[in-house]
Asker: 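For reference, the structure I am asking about is given below.
Throughout, numbering of the chain's residues begins at 1 and tracks the sequence. Indexing begins at 1, ligand by ligand and atom by atom, following the structure's order. Keep in mind that this is a model prediction, so the values were computed, not measured.
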Amino acid sequence: MGSLMWFSQILCLSFMLLQFRVQSSSPSQSSLNSSPHLCRPEERSALLDFKSTTKLGEYCFDTPRPILQTWNESKDCCLWEGIACDKRNGHVIGLDLSGNCLEANLTTNSSLFRLEKLQSLNLSDNYFHYPNISFGFNRWKSLTYLNLSGLTYLNLSGSEYMYGSLPFDEIFLLSKLVSLDLSDNYGLLLDNIKFQMLVHNLTELRFLILDFMDMSLVVPSSLLNLTSSLEHLSFSDCNLQGIPNRVFQLPSLQVLDLSSNPYLGDLQNNRLTEPIDHVEMPNLILQEVYLSNNDMSGSIPSFFFDLVRLASVDLSSNNLTGTITRDMLSKLVNLEDLDLSNNSLLSLSNNGSVVNYSFLPSLQSLTFSSCNIHKFPGFLRKAEKLRELDISNNKISGQIHKWEIEGMSSLHYLNLSYNFLTGIDLFGFGNLSTVDLRSNLLQGSPPILSTTWYSMQQLFISGNNLTGEIPSSYCNLTSLEVLDLANNSLGGKIPECLGNLSNLLFLDLRMNKFHGRIPNSFVIPNYISSLLTLSLNGNQLEGILPRSLVNCRYLELLDVGNNNLNDTFPHWLGVLPSLQVLILRSNRFHGAINDSMPASHFPQLRIVDVAQNNFMGLLPSNYFKILKGMRDVAPVDVEWEYSDNYTACLRDGHCHKIYKESVKVVMKGSERELVRILRTFTTIDFSSNQFHGPIPDKLGELNALLLLNLSHNSLNGQIPSSLGKLAELESLDLSSNKLEGRIPEQLTKLTFLSVLNLSHNELVGHIPEGKQFSTFSNDSYIGNSGLCGFPLTKKCGEPRPPSSQFDEEDDSTTVFEWKFALAGYGCGLVLGLSLGYIAFTIGKPWWCNQVRLISYFRADLATVAS
Ligand SMILES: *[C@@H]1O[C@H](CO)[C@@H](O)[C@H](O)[C@H]1NC(C)=O
Ligand SMILES: *[C@@H]1O[C@H](CO)[C@@H](O)[C@H](O)[C@H]1NC(C)=O
Ligand SMILES: *[C@@H]1O[C@H](CO)[C@@H](O)[C@H](O)[C@H]1NC(C)=O
Ligand SMILES: *[C@@H]1O[C@H](CO)[C@@H](O)[C@H](O)[C@H]1NC(C)=O
Ligand SMILES: *[C@@H]1O[C@H](CO)[C@@H](O)[C@H](O)[C@H]1NC(C)=O
Ligand SMILES: *[C@@H]1O[C@H](CO)[C@@H](O)[C@H](O)[C@H]1NC(C)=O
Ligand SMILES: *[C@@H]1O[C@H](CO)[C@@H](O)[C@H](O)[C@H]1NC(C)=O
Ligand SMILES: *[C@@H]1O[C@H](CO)[C@@H](O)[C@H](O)[C@H]1NC(C)=O
Ligand SMILES: *[C@@H]1O[C@H](CO)[C@@H](O)[C@H](O)[C@H]1NC(C)=O
Ligand SMILES: *[C@@H]1O[C@H](CO)[C@@H](O)[C@H](O)[C@H]1NC(C)=O
Ligand SMILES: *[C@@H]1O[C@H](CO)[C@@H](O)[C@H](O)[C@H]1NC(C)=O
């Protein structure tokens, strides 16, 4: 659990930083004051007036720190949180309310405008009533720092989100501004006239951040008039139509972010690539350049490799071509972070003069995934500071030798997945903590790992051609959290000692040839096993499910399908509080499923698949009743992907992702739209056993169910009309049983039903008509000689029975609603998670990098089923 906590703490920490930076900055400024009544009464009352018209917004991450509660008359207002005063005269000069989830009403008359000496104002990540954020900015003539990023606009009643608006006419007259951040305000349009005003009037600017502003009407050449004092320029996601190459020559520029402007490289006259090459005097102080997602083509302009101060470069997700050679990189002695991934025609070559000097001495992270590399860049062997190397999804083949890698003594994260490697000598590396070798052509035994590798946390070698057994030395990797050896040809027994790895979260040994029993070693003295996922599907394991699994208190997924296990139904797993997925499919499980389970059992179970076993007796109707995880499922919006392909795919080939609950949603500006809250994937598959008796009515209560398969049993009686209440059902298979009577009309209420199979039963009478039923073919009904009506050719003799009691309880069954959700750019949407997993993929602001850290192993373990 330790590391999981750690990951979620990073997440929390990021948010806390975001929200509470306020406290770390301002009090230190004001606490220097000695005078107890420094604060000016008129300014204090202005602040209190503001407080009285401001409340906490509705959607906040956790409980925001109640900053305004410290705004209290009994204390000097210079000591309030978020306030900074001028020590000489007590004027409020700084106001930082960023990220406090405040819902404010900033009108023309707002008392805030009475703080006439304000120099620094940060209102980012709050809510404002629209259109009342305005008019009065020009009174803040001394303002040098203004941050209005990530605002969320509400209509006057506070009930709906609106497109944003900002008083550009006033802001662009604040000629003393040094720093202006208007980013992440969705729906703002900055036209050319306003932009001209900005560039002409704000001549002191050093920081200008306009990310997500719609600048499609800005004439590219007007960027030439940007002030030469600019140090940090960020126009990411601005829909820019071009950019003059001389922007690179702004003499003070250190950070340039023009990422995600897809038309930048497209315009004939403003192709970023070609003219840029003619930059005569490269800016020698430029340190960070972000040009990802720009649809740039051609080769990387050569002047780039002369920018000797460059520390961080991101050219990922373009259409760059050519080959980067060792010599080209050799001048970039300050380069720390280079991302060239997703340029499918870009390659890297070892060619160049012999490296006898310290090569790329500062490089810490190199990401070159999904490009066109054919050979391992051996010249990196001297990159002593390199911590992260990702050259996954290239065309690297053959063997990687020890000498090619042994100098990378700091390497920590190595991703070579999706290549054509036949071997690698991992002994060459030092303190790796993540190694990803998935989907290569590795042969022979699993790599032997040095026993000194206590730091190894994640080891992915699935999808290779490994043979032999799991080396028992793996049991010495005491920090191991993820062991993924799925889809190989490994055999032998699963080492008993793997159960001793007390930090293991994910153990995936699917699709191998393991035999023998599942180790009964999940009992660790003084430890509770931290295992979350245990996947042993598709082996030749025998015997029973080890009872010690009950010690895995955090287990969420247990997949032992497609083995030779011989056991009864594991009721005893019902006490596991988090178990969500239980797959026993295709084994020799047998006996009846005891129907008298305590109501507290299996509280989270969402996917249960016991198909193709020898279970018998009645279907456990109480058991269905207690499955809370399949009822009243809270709307969810965080993806939680499983690799269990077959459970996640419907027969028609329509596959689903599996989603996990989240707790709260906070909005942080950026794009928002109405989206359907995603549903948890819930399935029951009891097919191909020997169950008999009726289908329990109570199944109808599992109203979050998406897939129900009871086929190939000996069920009899009628199809319960309660199944019509399974409002989310997409697939219903009751075929090859002995069901009799009519098909209930209520089934026509299943508006999402796309697969229906009732074939080979003893059903009679009219097939219901209308809605989804008009889409099913003969195949859904064959083998029922008593059925008639569409789509069968057999006409019904008698008239269709009236559809009675059809409209009852219609409203009480709707669980899922359409709700507002923010489809932000990953980070616009901030989610609080119960367990701290997260599967964001796109990162925007700085703290997103941390989120990515969390997501990679989560997402990588799970092949996306979709
Ligand atoms: C002001 O703060 C003090 C202590 O911080 C508290 O006792 C008092 O009730 C507060 N007054 C108001 C009006 O909130
Ligand atoms: C916002 O201010 C306007 C004008 O002063 C006022 O009419 C409105 O009621 C205020 N709204 C809220 C929520 O305070
Ligand atoms: C602003 O204040 C003036 C006078 O103080 C008042 O006449 C006007 O209605 C106020 N405007 C708003 C929008 O509250
Ligand atoms: C808000 O502004 C202050 C400076 O006044 C700055 O230190 C802080 O980082 C800013 N917060 C955010 C979230 O931008
Ligand atoms: C601001 O810019 C506008 C448009 O470029 C210009 O007309 C105006 O004179 C400028 N104002 C100041 C105070 O510089
Ligand atoms: C830049 O500003 C100058 C005057 O300050 C003006 O003549 C020129 O047209 C501007 N350039 C562009 C591209 O707007
Ligand atoms: C990249 O270039 C190829 C061919 O040059 C083109 O077919 C493809 O559409 C380009 N991709 C993008 C994203 O522009
Ligand atoms: C895996 O290895 C076996 C024997 O080593 C070989 O016969 C087989 O072709 C290999 N499979 C692949 C996909 O390389
Ligand atoms: C595991 O570590 C122990 C002691 O740290 C050592 O005695 C043992 O040989 C190691 N086992 C393997 C297989 O490396
Ligand atoms: C399952 O195990 C029992 C003994 O526990 C044995 O009698 C039975 O034959 C086994 N069934 C199969 C199918 O192996
Ligand atoms: C899932 O299985 C289907 C067929 O069984 C296969 O076509 C598909 O590629 C698989 N998807 C994944 C993500 O493994």
Asker: Nearest protein heavy-atom contact for atom 13 (C) of ligand 10: which residue, which atom, what distance?
Answerer: Arg588 CD, 3.4 Å
Asker: Is any side-chain N of the basic residue among Arg585 and Asp685 closer than 4.0 Å to the acidic one's carboxylate O?
Answerer: yes
Asker: Protein heavy atom under 4.0 angstrom of atom 9 (O) of ligand 10, is there one?
Answerer: no
Asker: Which residue supplies the protein heavy atom nearest to atom 2 (O) of ligand 10, what is that atom called, and how far is it?
Answerer: Asn566 ND2, 2.2 Å
Asker: Walk me through it: do Phe686 and Phe615 pass the test ring pair (Phe, Tyr, Trp, His ring centres under 6.0 Å)?
Answerer: CA-CA 9 Å; Phe686 276 53; Phe615 287 117; 7.6 Å; no
Asker: Side chains of Thr434 and Gln458: do they bring a donor and an acceptor to under 3.5 Å?
Answerer: yes
Asker: Does Asp697 come within less than 4.0 Å of Lys725, counting only side-chain N to carboxylate O?
Answerer: no
Asker: I'd like to check atom 5 (O) of ligand 10 in this structure: does the protein have a heavy atom lying under 4.0 Å from it?
Answerer: no
